[in-house]
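What follows is a single structure, written as structure tokens, with notes after it.
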Amino acid sequence: MPYTFMLKKYSKAIVVIVLTALLVRVVFVLFGAELYYGKQNFFETGDTYSYTQCAKNLAEHGTFRGILDDPKSVAARLPAYPLLMTAVYLISGNDVDLMYQIMIWIQIVLDVASVFILYQLCYFISKSYRLGIVTALIYALYPFAIIWVPLISSETMGIFTMLLGLMFLARKRNKTDFLFGGVFIALSALCRPQNLIFIPVFVFVYLLYNIRNLKFALLPITLALIGFSGVYGSWITRNYILLDKFIPFSDSRGGMETFSKDVVACRKYIYSLQSDWNPQFFQIVRNEKVEWPEIAFVSKEDSLMLLRAEYLAKNCGYGFSYWREYWNKDNAQIPIEESCCDSIVYYFSKLRTNQIKAHPFHYKIIIPLQNLRKALFKTSMVNEKKGIFGLAITMLFLYRSLLILIGFIGVYLMLRKKNLYGLFIFLFFAVVYYYICFTVRNIEMRYFLNNDILMLVPAAWVIVNIYKWFAIKRHSRKPEQFAV
């Protein structure tokens, strides 16, 4: 009887939470997004155009390309999100504006569904409805998930497919759950490439926790790998057939001129100096005086080489000339054959090599640690906002950092309970943060979004344990009444 009563109680609670999540997201889309992003077409991001072109080219010409006339652009974007856009584009009668509106409402549904999936997931990994309620409530009101809902970008779909995949892996009602889990994790990786790390980490943790019974563990893990490789492997195989090279993610240099090889070389050089590519990159694009840090001037020869690279990038850089902010409108979008792209790549690559040789500790330790600090305690975006709005954003970022720190405590508590998902969430978090901060070095908060959301589970674990402590202290509950 008590169990039935509690189940009804939590069932009512999750319905209220899901409806609250729906209301919050609808209100934000209708009234808050334009104010927050400061523009009427708030749904457009830097990725929207390329996603749209891939979808349109597939729907109208039967080929998945970022640029219709460029065969190298067949891998310009990971395919999961553009494929969904293609279906919506066809349903909307090839109307791009209508497609955007439908996509936003689909993303509202997906993100609200993620709230319920988190509730189910938490029960499967802990047998605690209370943990599911707390986690679902935190996510329902989690601002860093909500702000992505109205944007034509793959983040919301990536979150949904990741959580759905993990729910299947945790449910384990039958062996096919692992197969479906692998399929949905592959779809999440085809939305956001950092989710590719998910499967090897999960396999490692699952086998580690079943080390004494590997015979039992091998079949479900094999099914998960079959589901994952069947979906994700088709993307790699397609790219190899069409481009004759191994492309596990996407190749933004094919079909995205703004990230051609001269721009990439410049960014890599700047990342050898500091943890952000601004302001120097956009000072080049806008033909402004470039404020190079003192550490850039390794030698007289390098200083002259840097001035030469900067001049070429400003005046005949192929990728630079495609940026919206490019200073010389009369000479924008320079043809590749008229550019000095190869010279720019040579100079910036040489400068980067010399910089790393001259300051190896700064490159290998100091800058990555600055990246990590920025990733965990993001503040630079806040500095652009002033007044009450800026203060509110500051508080939101502090809230995010606090949840991550509480999540670390929760991981410890989960490990004490020998819960394999505590170790998985921590390792997935650590590997992605390390990869982006130490290897990729391009810090955007969306790259960490999936990991931050999974950290809500151990954070909720802590909150439930605090409630448990108070409940036992005042003798209203017994320890055996708590699953976590």
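Basis for what follows: all heavy atoms, side chains included, without hydrogens, waters or symmetry-related copies.
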May I ask you to check if Lys127 and Tyr123 form a cation-pi contact, with NZ or CZ under 6.0 angstrom from the six-membered ring centre and within 45° of the axis? yes
Check: Asp95 side chain, Leu98 main-chain N or O, donor-acceptor pair, under 3.5 Å: yes
Please tabulate, for the side chains in residues 144-153, all donor-acceptor contacts under 3.5 angstrom to protein atoms that are two or more places apart in sequence or on a different chain.
residue	atom	partner	partner atom	Å
Ser153	OG	Glu155	OE1	2.5

CD1 of Ile406 to CG of Leu413, rounded to nearest 0.5 Å, is 11.5 Å
Under 6.0 Å from the six-membered ring centre of Tyr363 and within 45° of its axis: does the NZ or CZ of Arg441 meet both? yes
Between Trp235 and Phe249, is there a donor-acceptor pair closer than 3.5 Å when you use the side chain of the first and the backbone of the second? yes
Could you tell me whether Asp111 and Arg25 have a side-chain N and a carboxylate O separated by less than 4.0 Å? yes
Please answer whether the main-chain N or O of Thr52 pairs with a side-chain N or O of Arg77 as donor and acceptor at a distance below 3.5 Å. no
For the pair Trp323 and Phe281, name the ring-plane relationship: parallel under 30°, tilted 30 to 60°, perpendicular over 60°. perpendicular
Compute both the distance and the angle, then confirm whether Arg192 meets the cation-pi test with Phe198: under 6.0 Å from the six-membered ring centre, within 45 degrees of the axis. no
On the 0 to 90° scale, with breaks at 30° and 60°, tag the Tyr119-Phe116 ring pair as parallel, tilted or perpendicular. tilted
Going by salt bridge (Lys or Arg N to Asp or Glu O under 4.0 Å), name the residues that satisfy it together with Lys215, two or more places apart in sequence or in a different chain. none
Using 0.5 Å steps for rounding, measure from the CE atom of Met157 to the OG atom of Ser188. 9.5 Å
Could you measure the distance from the CD1 atom of Ile125 to the OG1 atom of Thr135? Nearest 0.5 Å is fine. 7.5 Å
Spacing of Thr161 atom OG1 and Leu166 atom CG [to the nearest 0.5 Å]: 11.5 Å
Return the minimal non-hydrogen interatomic distance between Lys418 and Tyr209, and the atom names on each side. O-CE2, 3.3 Å
Should the pair Lys72-Asp251 be classified as a salt bridge under the 4.0 Å nitrogen-to-oxygen rule? no
Checking Phe204 against Leu427 for the side chain to side chain contact (heavy atoms under 4.5 Å, CB included) test, could you report, in this order, the C-alpha distance in whole Å, the side-chain angles of both residues, the deciding distance, and whether it holds? CA-CA 10 Å; Phe204 169 76; Leu427 287 180; 3.9 Å; yes
Intermediate values then yes/no, side-chain hydrogen bond (donor to acceptor under 3.5 Å, both in side chains), Glu44 and Tyr100: CA-CA 9 Å; Glu44 290 187 359; Tyr100 287 162; 5.2 Å; no
Enumerate the residue pairs fulfilling ring-ring contact (aromatic ring centres under 6.0 Å, His included) with a member in residues 46-68, sequence neighbours excluded, ordered by first and then second residue. Tyr51-Tyr81
For Glu444, the salt bridge (Lys or Arg N to Asp or Glu O under 4.0 Å) test, sequence neighbours excluded, returns Arg446
Looking at Phe429 versus Tyr433, is the centre-to-centre ring distance below 6.0 Å? yes
Could you go through Asn419 and Trp461, starting from their C-alpha distance and side-chain angles, then the distance that decides it, and tell me whether this counts as side chain to side chain contact (heavy atoms under 4.5 Å, CB included)? CA-CA 12 Å; Asn419 189 299; Trp461 195 292; 3.7 Å; yes
Note: Tyr447 and Gln194 closest approach over all heavy atoms is O-NE2, 2.9 Å
Minimum heavy-atom distance between Gly422 and Val411, given as atom pair plus value: O-CG1, 3.7 Å
Within a 6.0 Å radius of atom CZ on Phe282, are there more than 12 heavy atoms belonging to other residues, nucleotides or ligands? yes
Checking Tyr206 now: which residues fulfil side-chain hydrogen bond (donor to acceptor under 3.5 Å, both in side chains) with it, not counting sequence neighbours? none
For atom CZ of Phe426, decide whether the heavy atoms of other residues, nucleotides or ligands shown that lie under 6.0 angstrom number more than 12. no
Quick check on Tyr240: does its OH atom have over 12 non-hydrogen neighbours (other residues, nucleotides or ligands) under 6.0 Å away? no
Could you grab the distance from atom CG of Leu131 to atom CG of Asn465, nearest 0.5 Å is fine? 9.0 Å
For Met414 and Pro458 the tightest heavy-atom approach is SD-CB, 3.8 Å
Does a salt bridge link Asp177 with Lys172, judged by any charged N lying under 4.0 Å from a carboxylate O? no
Taking every heavy atom of Ala140 against every heavy atom of Val115, the minimum-distance pair comes out as CA-CG2, 4.0 Å
Rounded to the nearest 0.5 Å, what's the gap from OG1 on Thr63 to CG on Leu242? Could you check? 8.0 Å
Given 3.5 Å as the limit, does a donor-acceptor pair link the side chain of Asn57 with the main chain of Arg65, or not? yes
Between Tyr318 and Cys341, the two heavy atoms sitting closest are CB-CB, 4.2 Å
Not counting sequence neighbours, which residues clear salt bridge (Lys or Arg N to Asp or Glu O under 4.0 Å) with Asp342? List them please. Lys261
